[in-house]
Structure formats: structure tokens, C-alpha cells
Amino acid sequence: VQLQASGGGLVQAGGSLRISCAAPERTFRRSGMAWFRQAPGKERVRVAAISWSGESTYYDGSVKGRFTIARDNAKNTVFLEMNNLKPEDTAVYYCAAAVSFAEDLLYEYNYWGQGTQVTVSS
């Protein structure tokens, strides 16, 4: 299963960016989705997640209030809207899918995208 992430780029601090991740319909419709990020020399961290229904969401404390995760089931796509970006948000962002109908967001992720680079300049 291939997840296709897109939309990364270079943005100034305080700016906004939206990244997207498309998945095959059969996988997307039965999966919770998430965005992770990995900065150079650091571990991969989950920054946001959304359940298969869209009713439950999770945000890491470092992005809460600035990032919004959403899913469009008609387009089999999950988005991450990032506002008020900071240099410390610079990382490779990965989307992931967990085949699960659970709303608790405690997933084991089955599929991963290739990553998209987000760079925030100060």
C-alpha cells in the first residue's frame, strides 16, 4: 500500500503550509491516519492523528493550537494545516495509516508514506 505525501516546502517563521497525503480508497476508508515528523538527529514523533470516522483527533503538545488534521473521505486524503510555523517545526513529515476502527487513536501503524520536507526559516 502506497501513501503519497505532498505539499512540503520552505516557509518563513509565522507562515502557514498545508501538506497532504493520499491513500488507496480501500485502505483509507478503514484506517485511522496520522502525521509524524522527524528532525535531523531526533526520533520520529507523532504530531497529529485522526480516527477513521474523523470524530477523534490527537495533537502533540508542541503543535496544539497551531496545527489541524483533517480528512476528506471523498478524496481519500488526509491534510495537515500548519499555522504560525516555527523554526523548530523543521522536519521531514510522514503520513501513516493504521487499519483500525477504534476511536482511541492508540494505533499500530501499518503503512507509511515517503515523507515530505518542511523547512521553516527564522
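Index from 1, following the sequence.
- Contact of the Met82 side chain with the Tyr93 side chain is registered, since non-hydrogen atoms from C-beta on lie closer than 4.5 Å.
- Under the 4.5 Å side-chain criterion, counting only non-hydrogen atoms from C-beta, Ile69 is in contact with Tyr59.
- Rounded to the nearest 0.5 Å, atoms CZ (Phe101) and OG (Ser53) are 10.5 Å apart.
- At a threshold of 4.5 Å between non-hydrogen side-chain atoms, the residues Glu103 and Glu55 count as touching.
- A cation-pi arrangement is present between Arg18 and Phe79, with the terminal nitrogen or guanidinium carbon under 6.0 Å from the aromatic centre and inside a 45° cone about the axis.
- Remark: side-chain polar atoms of Asp72 are paired, donor with acceptor, to backbone N or O of Lys75 under 3.5 angstrom.
- Each of Asp89, Ile19, Leu10 was scored for a side-chain contact (heavy atoms from CB on, under 4.5 Å) with Val118, with one residue passing: Ile19.
- The local environment of CZ in Arg29 is crowded, with over 12 non-hydrogen atoms from other residues, nucleotides or ligands closer than 6.0 Å.
- Proximity of Trp52 to Met33: side-chain heavy atoms (C-beta onward) are nowhere separated by under 4.5 Å.
- Judged by distance alone, with hydrogens and angles left aside, the side-chain atoms of Arg71 form no donor-acceptor pair with the main-chain N or O of Gly54 at under 3.5 Å.
- Here Gln114 contributes atom CD and Ser6 contributes atom OG; the two are 8.0 Å apart, rounded to the nearest 0.5 Å.
- Heavy atoms only, all atoms of each residue included: Ala91 and Ala39 are closest at CB-N, 3.8 Å.
- Pairing each heavy atom of Asn76 with each of Phe28, the nearest pair is CA-CD2, 3.5 Å.
- Contact record, Leu3 with Cys21: CB-SG, 3.8 Å, taken as the closest heavy-atom pair.
- You'll find the side chain of Ser62 reaches within 4.5 Å of the side chain of Arg37, heavy atoms only.
- Rounding to the nearest 0.5 Å gives a distance of 11.5 Å between CD of Gln2 and OG1 of Thr27.
- A donor-acceptor distance shorter than 3.5 angstrom exists from the side chain of Asn110 to the backbone of Val99, with no hydrogens or angles considered.
- Across Ala48 and Leu80, no two heavy atoms sit closer than the pair CB-CD1, 4.0 Å.
- Annotation: the span from Arg46 atom CZ to Trp35 atom CH2 amounts to 14.5 Å, rounded to 0.5 Å.
- Val92 belongs to a hydrophobic cluster whose remaining members, ordered by chain and number, are Phe36, Tyr58, Tyr94, Leu105, Tyr107, Tyr109, Trp112; membership requires side-chain heavy atoms of ILVMFWY residues under 4.5 Å apart, directly or through intermediates.
- A heavy-atom distance below 4.5 Å is not found between the side chains of Thr90 and Glu88.
- Here the shortest heavy-atom pairing between Ser122 and Ala13 reads CA-CB, 4.3 Å.
- Rounded to the nearest 0.5 angstrom, Thr68 OG1 and Asn83 CG are separated by 6.5 Å.
- Atom CG of Asp104 and atom OG of Ser56 lie 8.5 Å apart (nearest 0.5 Å).
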